[in-house]
There are 2 protein chains.
Amino acid sequence: MGAPDRDEDPQITLDGTQHADLEEIERAIMQISWLSQRQFMQLLDEERFNMTLPQFYSLLHLHQMRDPCKMSDLAEATQQSAASLTGIVDRLLEKQLVERTRHVRDRRQVMVVVTPQGSSLIAKIKQARHEQMQAALGHLGAEDIDTLLRLLDQVLLSMLRVLERGDTHRWA
Amino acid sequence: MGAPDRDEDPQITLDGTQHADLEEIERAIMQISWLSQRQFMQLLDEERFNMTLPQFYSLLHLHQMRDPCKMSDLAEATQQSAASLTGIVDRLLEKQLVERTRHVRDRRQVMVVVTPQGSSLIAKIKQARHEQMQAALGHLGAEDIDTLLRLLDQVLLSMLRVLERGDTHRWA
DNA sequence: ATAAATATTCAATGTTGTTAAGTATATCAT
DNA sequence: ATGATATACTTAACAACATTGAATATTTAT
């Protein structure tokens, strides 16, 4: 990731003021996403955690749900295919971070729950990640934090909406 | 990814105002990173592009550099190991998106350059990605875009600084 | 010339991604 | 009830990448 593309002109709006291009934001988001995932991947790879990104995000969702969660729901929430998820849950199971049961009524459904060990690991990882991100976020002022959070949540909600629509669209 | 963790209290600051927690931002960045990379992965996977994320980010860096780039520099810039990169560049080479040469003076070094085909593909992918992200960003006002860009670039620069320090620290 | 340092590739292994096919259970129509 | 269809998930086969450590090639130092 080299220097940002700065060779494009800013937009000229009707009122004559100059505003940044949307593509600048896209570049920033892409770059931050790539770098932060890389950085996080290395953290998860340490012996004390020994996890992969897909495993973490799957476990994180189960932790947030607390109650048993269908495989298909977990797959949709984490944007992973059911086939991939089977192997991922297999490995979480080996480490005793989750438990797999069958739904009582509909025995086709496989339900997964996080174990206390799983929740405890998530807490440790969140703490380690917090320390890691402190370096990138620590210098932000309280005002900036509020603003950034508001904008990021706006972006995130739009993304989630798109994904939901995208899923229904895919099966249409 | 389920509903955001909202069960943590906001920070109470000295002046009595309530401000969002840094951890909220961390959550948002993690979630956006994961989702946007997933979404982008699916886009790159379409037949017209037929690329993977590591391939794209490697090619993107070469595109931004324009001039030939050492394997080790590319590895550092994209945060990939030299060993991984060899295979990735192999596949870019097969698709004729890059060319590999030896450095004239120091023939240990392998130099990689993007081809015109490679640059053209990057442009097409950027366009497709732009349309994809329009859905998540299109509703932002001009003010918000400026603000968000400023904050994201701040975060990005901090991350880059950390990575540089982290690299020198790792080999020390 | 020999040794040491550097840059990259190769080989072996594990996780995740894909698609397609397979198995088990549930539901619906007759 | 029985047979067809749909649903939920797993399995299988293969490609892409991640890791590590060994091997190779080239340069630099003695």
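Numbered from 1 within each chain, the chains take letters A, B, ... in sequence-line order. What you are looking at is a predicted structure, and each value in this text was computed from that prediction instead of being measured.
Judged purely by distance below 3.5 Å, without hydrogens or angles, the side chains of A/Ser119 and A/His63 pair a donor atom with an acceptor atom. For the 3.5 Å distance criterion, the side chains of B/Ser36 and A/Ser33 qualify, holding a donor opposite an acceptor. Side-chain contact check for A/Gln117 and A/Lys95: no donor-acceptor pair (N or O, by modelled atom type) lies under 3.5 Å. Residues B/Thr115 and B/Gln96 have side chains that never bring a donor and an acceptor to within less than 3.5 angstrom of each other.
Considering only side-chain N and O atoms, A/Ser84 lies nowhere under 4.0 angstrom from the phosphate OP1 or OP2 of C/dT15. Taking 4.0 angstrom as the limit, A/Gln80 places a side-chain polar atom (N or O) nearer than this to OP1 or OP2 of C/dG17. Regarding contacts with the backbone of D/dA15, every side-chain N or O of B/Arg91 stays at 4.0 angstrom or more from both OP1 and OP2. Between B/Arg100 and C/dT9 there is a side-chain N or O to OP1 or OP2 distance below 4.0 Å. Close to D/dA18, at under 4.0 Å from its OP1 or OP2, lies no side-chain N or O of A/Thr52. Using a 4.0 Å cut-off, no side-chain N or O of A/Gln42 falls inside it from OP1 or OP2 of D/dT19. For the pair A/Ser81 and C/dT18, the criterion of a side-chain N or O lying under 4.0 Å from OP1 or OP2 is met.
In this structure, A/Phe56 places its CZ atom 20 Å from P of D/dA18, rounding to the nearest Å. Atom P of nucleotide C/dT6 and atom NZ of B/Lys70 are separated by 11 Å, given to the nearest angstrom. Atom P of nucleotide C/dG17 and atom CZ of B/Phe40 are separated by 17 Å, given to the nearest angstrom. Rounded to whole Å, atom C1' of D/dA16 lies 17 Å from atom OH of B/Tyr57. Protein atom CG of B/Asn50 is 11 Å distant from nucleotide atom C1' of D/dA16, rounded to whole Å. Atom CD1 of A/Ile88 is separated from atom P of D/dC9 by 15 Å (rounded to the nearest Å). Atom-to-atom, CG of A/Asp45 to P of C/dT13 comes out at 19 Å; the value is rounded to the nearest Å. The distance from atom CG of B/Leu44 to atom P of C/dG17 is 15 Å, rounded to the nearest whole Å.
Residue B/Leu85 is out of contact with every strand shown, counting any heavy-atom pair closer than 4.0 Å. Backbone-only engagement by A/Arg105 is indicated by non-hydrogen atom pairs under 4.0 Å involving sugar-phosphate atoms exclusively.
Taking every side-chain heavy atom of B/Met41 into account, C/dG17 is the closest of C/dG17, D/dT10, C/dT8. Taking every side-chain heavy atom of A/Thr86 into account, D/dT10 is the closest of D/dA8, C/dT8, D/dT10. Candidate nucleotides D/dT20, C/dA7, C/dG17 were compared by shortest atom distance to the side chain of B/Ala83, and D/dT20 ranks first.
In terms of polar N and O atoms assigned as donor or acceptor, the side chain of A/Arg108 comes within less than 3.5 Å of the base of D/dT7 in a complementary pairing.
Between B/Arg27 and B/Asp21 no salt bridge is recorded (no basic side-chain N to carboxylate O distance below 4.0 Å).
Closest-nucleotide positions on DNA chain D for B/Val104 and A/Gly87 were compared, and the one nearer the 5' end corresponds to A/Gly87. Nearest-nucleotide positions on DNA chain C for B/Ala82 and A/Gln55 put B/Ala82 closer to the 5' end. Mapping B/Ser72 and A/Arg107 onto DNA chain C by nearest heavy atom places B/Ser72 at the nucleotide closer to the 5' end.
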Salt bridge (charged side-chain N to carboxylate O under 4.0 Å, His left out) evaluation trace for B/Glu94 with B/Arg91: CA-CA 5 Å; B/Glu94 282 170 19; B/Arg91 279 160 225 126; over 6 Å; no
